[in-house]
Protein chains: 2
Amino acid sequence: MSKFGDYIREKREALQKESPGTYSLRKVASAVGIEASYLSKIERGQQPPPGERSISALAEILNEDPDMMLALAGKVSDELQEIIRKRPKLFARLIRELRDMPDHAVLRLVREVRDGNW
Amino acid sequence: MSKFGDYIREKREALQKESPGTYSLRKVASAVGIEASYLSKIERGQQPPPGERSISALAEILNEDPDMMLALAGKVSDELQEIIRKRPKLFARLIRELRDMPDHAVLRLVREVRDGNW
DNA sequence: TGTAGTGTGTAGTATATGCTACACACTTGC
DNA sequence: GCAAGTGTGTAGCATATACTACACACTACA
């Protein structure tokens with residue numbers, strides 16, 4: 001049961017059905033910058049998910065959210081990690097506080113921050 | 001210039017001065033569960049910072065904040081990463097929004113969430 | 001003067017991560 | 001039937017991560 005592999009296989013095959021010939025293993029792999037056989041193994045869960053670079057490239061090609069794809073792969077983007085590392089105590093506290101908050105509450109927070117009216 | 005190494009060396013030596021004999025390289029290393037020579041090299045920047053487990057143990061022994069120590073080591077705790085990975089889009093968005101916010105603004109957010117009055 | 005405590009130097013090791021190279025087999029269309 | 005396109009199998013490899021084991025050298029002090 002490879003979440004990441006299953007997910008990208010289905011997505012790729014769906015796109016391949018939509019526009020045949022454009023989303024073959026080889027096409028996608030070469031666009032990502034990896035070997036086709038490697039991608040094949042990843043899709044079937046014979047290999048763990050690739051590195052962050054490859055996952056992000058894959059996300060772009062498959063028209064998916066990179067953060068979500070990284071999460072499926074058990075990773076968090078280095079960009080986000082760097083933001084956290086700059087103020088570790090602050091962010092650690094905030095994230096832990098929000099752990100059990102429902103989505104809509106967190107989302108509300110996001111909006112408030114973005115709009116600046118708070 | 002090893003931030004992590006310098007930091008723990010100073011902290012350890014300060015504690016060693018306070019209570020001599022209790023914070024030698026060997027004492028601390030064995031409490032952490034690593035070799036003394038390894039810790040020595042880390043302190044002098046001859047080795048990169050150790051793994052998360054060792055860093056957390058070190059933080060506890062040196063009475064420091066683990067998240068801060070991990071940040072010094074260029075890491076983010078797996079616990080925090082897991083929280084993010086459960087709702088990657090939501091947290092990614094929030095964290096990016098907060099990237100350039102001043103400390104006090106983020107802190108205010110933390111407090112509001114904690115107190116629930118929002 | 002020897003032994004306990006201190007730090008350091010040398011020389012490794014095990015495991016994980018992130019891949020490549022290339023041959024093989026099957027299907028489809030001409 | 002053969003060429004192009006499809007996926008897969010085998011056999012690796014380079015680099016990074018996270019350490020261990022043990023000998024050595026210096027200092028203090030009893």
Side-chain angles (χ1 to χ4, degrees), chain A residues 2 4-59 61-62 66 69-70 72-78 81, chain B residues 2 4-59 61-62 66 69-70 72-78 81:
Chain A
S2 157
F4 183 83
D6 292 347
Y7 192 89
I8 62 170
R9 164 135 298 188
E10 280 189 31
K11 185 78 192 186
R12 187 181 60 77
E13 286 182 343
L15 288 168
Q16 173 77 327
K17 213 159 243 181
E18 273 183 40
S19 17
T22 6
Y23 290 92
S24 74
L25 263 179
R26 253 167 263 259
K27 286 270 171 62
V28 171
S30 104
V32 168
I34 58 176
E35 272 282 315
S37 64
Y38 182 39
L39 181 55
S40 167
K41 276 169 280 194
I42 290 165
E43 286 190 347
R44 285 172 296 132
Q46 271 192 28
Q47 287 275 336
E52 179 171 339
R53 290 180 77 85
S54 299
I55 292 174
S56 294
L58 209 43
I61 289 155
L62 299 182
M69 298 272 284
L70 285 165
L72 271 182
K75 298 176 198 286
V76 170
S77 88
D78 204 62
Q81 291 193 44
Chain B
S2 158
F4 183 84
D6 293 347
Y7 192 89
I8 62 170
R9 165 137 297 189
E10 281 189 30
K11 185 76 193 187
R12 187 181 61 78
E13 286 181 342
L15 288 167
Q16 172 79 326
K17 212 159 244 179
E18 275 182 38
S19 18
T22 7
Y23 290 91
S24 73
L25 263 179
R26 254 168 261 261
K27 286 270 172 61
V28 171
S30 102
V32 169
I34 58 175
E35 271 283 315
S37 64
Y38 182 39
L39 180 56
S40 168
K41 276 169 281 192
I42 289 165
E43 285 189 348
R44 287 170 295 130
Q46 270 193 27
Q47 285 276 334
E52 179 171 340
R53 292 181 74 86
S54 299
I55 292 173
S56 295
L58 209 43
I61 289 155
L62 300 182
M69 298 272 285
L70 285 166
L72 270 182
K75 298 178 200 280
V76 170
S77 86
D78 204 63
Q81 292 195 42

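Below, chain A is the first sequence line, B the second, and so on; all start at residue 1.
For A/Gln46, whose side chain is taken as the heavy atoms from C-beta onward, the closest listed nucleotide among D/dG7, D/dA21, D/dG9 is D/dG9. Comparing atom distances between the B/Glu35 side chain and each of D/dC19, C/dC19, D/dC22 picks out D/dC22 as nearest. Across C/dG7, C/dC19, D/dT8, the shortest atom-to-atom separation from the side chain of A/Leu25 is found for D/dT8. For A/Pro50, the side-chain atoms get nearest to C/dC19 when compared with the rest of C/dC19, C/dT20, C/dG7.
Side-chain nitrogen and oxygen atoms of B/Arg12 include none within less than 4.0 Å of the OP1 or OP2 phosphate oxygen of C/dT6. OP1 or OP2 of D/dG9 has at least one side-chain nitrogen or oxygen of A/Arg44 nearer than 4.0 Å. A sub-4.0 Å separation between OP1 or OP2 of D/dT6 and a side-chain N or O of A/Gln16 is present. Between D/dC22 and B/Ser37, no contact under 4.0 Å exists linking OP1 or OP2 to a side-chain N or O. Contact between the side-chain N/O atoms of B/Ser24 and the OP1/OP2 oxygens of C/dT6 is found at a separation under 4.0 Å. At least one side-chain nitrogen or oxygen of B/Lys75 sits closer than 4.0 Å to the OP1 or OP2 atom of D/dA18.
At a threshold of 4.0 angstrom between heavy atoms, the contacts of A/Lys27 with the nucleic acid are absent. Using a 4.0 Å heavy-atom distance criterion, B/Arg53 is classed as making no nucleic acid contact. Contact annotation for A/Arg26: base contact, defined as any heavy-atom pair under 4.0 Å involving a base atom.
Between B/Ile42 atom CD1 and C/dG7 atom P there is a gap of 14 Å when expressed in whole angstrom units. One interatomic measurement links the two molecules: NZ of A/Lys41 to P of C/dT17, which rounds to 17 Å at whole-angstrom precision. Between the OH atom of A/Tyr38 and the P atom of D/dG12 there is a distance of 19 Å, given to the nearest Å.
The minimum heavy-atom distance linking A/Ile61 with A/Leu15 is given by the pair O-CD1, 4.4 Å.
Salt bridge present: B/Glu43 and B/Arg12 bring a charged side-chain N and a carboxylate O closer than 4.0 Å.
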